[in-house]
There are 2 protein chains.
Amino acid sequence: MGRPRSYSREAVVEKAMGVFWQNGYKATSISDVVRETGLNTASMYKEFGDKEGLFSAALDHYRDHVIGPRYRILIDNPNLEGVEMFLRNVFLGAAKSEYKGCLMMNHLAQKHVISPEAAEQVGAFCAEVESLVEAALRNAQADGDIGPDKDTAQLASFLVFCVHGTVLYGRHDEKKHVIPNFYDMIMREIRE
Amino acid sequence: MGRPRSYSREAVVEKAMGVFWQNGYKATSISDVVRETGLNTASMYKEFGDKEGLFSAALDHYRDHVIGPRYRILIDNPNLEGVEMFLRNVFLGAAKSEYKGCLMMNHLAQKHVISPEAAEQVGAFCAEVESLVEAALRNAQADGDIGPDKDTAQLASFLVFCVHGTVLYGRHDEKKHVIPNFYDMIMREIRE
DNA sequence: TTTATTTTAAAATAAATGTTTTAAAACTAA
DNA sequence: TTAGTTTTAAAACATTTATTTTAAAATAAA
């Protein structure tokens with residue numbers, strides 16, 4: 001009963017996420033989001049509580065619907081080939097001219113500007129990616145695709161470290177074209 | 001003639017830089033800077049023009065007085081040992097509990113939030129570091145410390161890429177302790 | 001001492017920010 | 001039809017923001 005809502009929560013979150021991704025949390029105003037989504041502030045606050053709640057919902061949406069498919073590669077291929085495809089995919093994304101980085105990692109440099117809850121979402125996301133990579137590398141080791149003496153946890157950390165590097169280095173429009181060249185270096189370091 | 005100024009420009013810039021480093025450009029208000037420096041807004045605006053001018057001065061100060069000494073290692077030791085010391089130094093900085101990243105690279109994810117001039121300062125700084133590393137690696141190659149078939153420009157890019165990775169990955173308080181382990185991996189990739 | 005000049009402290013401004021309130025609109029159940 | 005409920009549109013709110021103005025304070029030269 002009551003007046004029916006004129007919006008879809010998911011559509012609103014999707015657009016809000018886009019604004020946060022583009023501008024970052026602090027440089028995004030509620031007005032920006034209202035303008036982009038067409039939703040009024042009252043409904044916005046009723047649905048999400050406050051700006052932090054909206055950002056938190058945007059982070060969840062990003063994990064579940066935007067970046068999820070990208071690291072699904074690691075779930076579907078929990079082995080060396082999966083890791084290779086994953087890294088190629090990350091590099092491919094960074095090559096685009098409109099590259100915006102990663103909504104999560106973009107906010108690492110402003111960890112204390114976002115809410116503690118959001119900061120934890122970011123941390124948990126990165127940890128999750130790392131553990132997926134590690135699982136794949138453990139299998140790769142069992143497959144004999146990487147040396148038996150290799151520390152898979154450390155290799156996984158290094159790979160995610162390089163993803164972080166991509167997120168930042170990929171912002172140099174004039175330099176990012178070299179990133180794909182790092183693929184062989186990184187994979188060699190993992191294999192041998 | 002006229003009333004003598006009660007502040008030292010350099011001291012003001014130094015403190016302002018600290019606030020920008022801690023909070024980032026967008027999350028730093030002039031009030032924050034005024035509170036920290038003790039300088040009044042009128043003198044602030046007379047000296048720096050506007051917030052962007054102040055930030056620009058802070059970036060210059062960072063380059064010339066804070067981070068300069070760190071990559072002076074590369075000037076004083078333009079060879080493989082210099083590159084090794086430089087990287088160890090970067091990793092050492094990230095190990096600190098109060099690690100704040102790099103004032104320049106911290107703002108790469110918000111390149112369009114800062115002024116075009118500031119964005120250029122950031123880009124120029126990173127390019128400068130990279131060219132210093134490359135010069136050192138070219139010498140290292142001449143010294144026979146790295147393979148004659150190695151692409152020194154690409155290796156320099158990779159090293160700076162890893163510095164970018166450090167700046168972001170170093171924000172994971174629970175994970176950053178693994179970063180020093182990457183030293184051997186990266187240097188091996190450069191050497192062999 | 002006066003005048004000119006510059007900095008300072010403090011107040012003022014205008015716009016933007018995050019958030020809340022008010023009242024009208026759109027629906028359901030009685 | 002009415003009463004009850006929820007969403008909406010619009011305005012209102014208090015705070016913060018970047019910036020400017022005003023007037024007092026501190027100096028040097030005339």
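On a predicted model such as this, the values are computed, not experimentally measured, just so you know.
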The Watson-Crick or G-U wobble partner of D:dA29, with both key distances under 3.5 Å, is C:dT2
Just to confirm, is there a sub-4.0 Å distance from OP1 or OP2 of [N] to any side-chain nitrogen or oxygen of [X]?
X     : N      : result
A:S29 : C:dT17 : yes
A:K46 : D:dT7  : yes
B:S6  : C:dT8  : yes
B:K51 : D:dT17 : no

Could you check whether B:Y7 gets within reach of a base, just the sugar-phosphate, or nothing at all, counting any heavy atom under 4.0 Å?
sugar-phosphate
Of A:E52 and B:P4, whose nearest nucleotide on DNA chain C comes first from the 5' end?
B:P4
How many whole angstroms separate atom [atom1] of [X] from atom [atom2] of [N]?
X     : N      : atom1 : atom2 : answer
B:I30 : D:dT15 : CD1   : P     : 22 Å
B:Y45 : C:dT7  : OH    : P     : 17 Å
B:N40 : D:dT22 : CG    : P     : 17 Å
A:M44 : C:dT21 : CE    : C1'   : 18 Å
B:K26 : D:dT17 : NZ    : C1'   : 9 Å
A:L39 : D:dA10 : CG    : P     : 13 Å

Output the distance between atom CG (B:L108) and atom OH (A:Y169), rounded to the nearest 0.5 Å.
10.5 Å
Report yes if a donor N or O on one partner sits less than 3.5 Å from an acceptor N or O on the other, where the partners are the side chain of B:T41 and the base of D:dT20; otherwise report no.
yes
Cationic N near anionic O, under 4.0 Å, A:D184 to A:R188:
no
By the definition side chain to side chain contact (heavy atoms under 4.5 Å, CB included), identify the one residue from A:F20, A:Y45, A:Y25 that meets it with A:L54.
A:F20
Upstream residue (5' side of DNA chain D) when B:R3 and B:D50 are each assigned their closest nucleotide:
B:D50
Apart from A:I73 itself, its cluster of hydrophobic side chains linked below 4.5 Å comprises A:M85
Under a single-linkage definition using a 4.5 Å side-chain heavy-atom cutoff for Ile, Leu, Val, Met, Phe, Trp and Tyr, are B:V66 and B:V19 assigned to the same hydrophobic cluster?
no
